[in-house]
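Indexing begins at 1, ligand by ligand and atom by atom, following the structure's order. Residues take their numbers from the sequence shown, with the count starting at 1. We use all heavy atoms of the structure for the numbers below, so side chains are in, but hydrogens, waters and symmetry mates are not.
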Amino acid sequence: MSGTSLDGASPPAGAAGGGVGSPGRARIAERTLRTDRWWVQPAVTFTLLVIWLLYALVRTASQRAYFVEEFHYLSPFSSPCVSSSCIPAARDFGTWFGDFPPFVPFALLVLPFLLGFRLTCYYYRKAYYRAFWLSPPACAVAEPHGKYTGETRFPLIMQNLHRYFFYAAIIVSLINTYDMVRAFRGADGGFGIGLGTVVMVFNVVMLWLYTISCHSCRHLMGGRLKHFSAHPVRYRAWTAVSRLNTRHMQLAWTTLGTLMFTDAYIALVSSGALNDLRLVN
Ligand code: FES
């Protein structure tokens, strides 16, 4: 039936000659034969991602309320803070740059790696290809684009860099872990725990779970092995990562939530709108 319409109608607009209109594909006039509300999922994904991106953009560009000096709560959106524009007590890793102009995120040093890690993530690719590029918007729904080249040429071929962004993400997670340890600080400068500490611990645990549930991490643990029996340690690690990997999508969303919540909590305490609930000291 190649090249022949099932009902004699022409292929969907924009699809002629490429994409779903490629030679060898069945000609179906309707954009989809699905009768369920397939558009809900991409619409929700689009809305939530846009809200998150706008929040992150406003918060990082504001350069405000990112640090609670008394309890050493540093927002993950501004860490590591290594510019002379940062509050001196927040510069645990030193001062690498001079003053940042207004609107430049303090975490500029790690931002390209973090964005690269998330943008090339296997789950997020699926999410934004569907929700933003509509390529395709859902299973069995024709995309509006006239041709499809996949990830075979620039810029999408860059998706293959994911494993290297994974290595960078490990370093960023270690920095977040350091910030979390620093947040065990009391009002007198000694040991202490507040609600902010708990929020930061939860965020860091979730970030680690998201990071090690990565497909590249799974490959690193168990890939290119001919016999698992000869590598029992790697087999165990691969099994554990594989279990986490089945939750990768949920962890991707959870970490967006915990990052936003941690930053918002620190912003509220830092601006004086909220008092940190102290549990110890
Ligand atoms: Fe999602 Fe690697 S696949 S972080």
Does NZ or CZ of Arg236 come closer than 6.0 Å to the centre of the six-membered ring of Phe228, within 45° of the ring's axis? no
Test item: Met200 and Asp179 side chains (from C-beta on) under 4.5 Å apart, heavy atoms: yes
Metal site atom 2 (Fe) of ligand 1: N/O/S of Cys121 inside 2.8 Å: no
Is there an N/O/S atom in His248 at a distance below 2.8 Å from atom 1 (Fe) of ligand 1? yes
When the ring centroid of Phe97 is compared with that of Phe100, is the distance short of 6.0 Å? yes
I want to know whether Tyr210 and Phe117 have ring centres closer than 6.0 Å. yes
Test the Arg125-Tyr122 pair against the cation-pi criterion, namely NZ or CZ under 6.0 angstrom from the six-membered ring centroid and within 45° of the ring axis. yes
For Phe117, state whether at least one heavy atom is located under 4.0 Å from any atom of ligand 1. yes
Numbered in order shown, the ligand 1 atoms found under 4.0 Å of a heavy atom of Tyr210 are 1 (Fe), 4 (S)
Under 2.8 Å: N/O/S of Cys214 next to atom 2 (Fe) of ligand 1: yes
Pull out every atom of ligand 1 sitting under 4.0 Å from any heavy atom of His162, numbered as shown with elements. 2 (Fe), 3 (S), 4 (S)
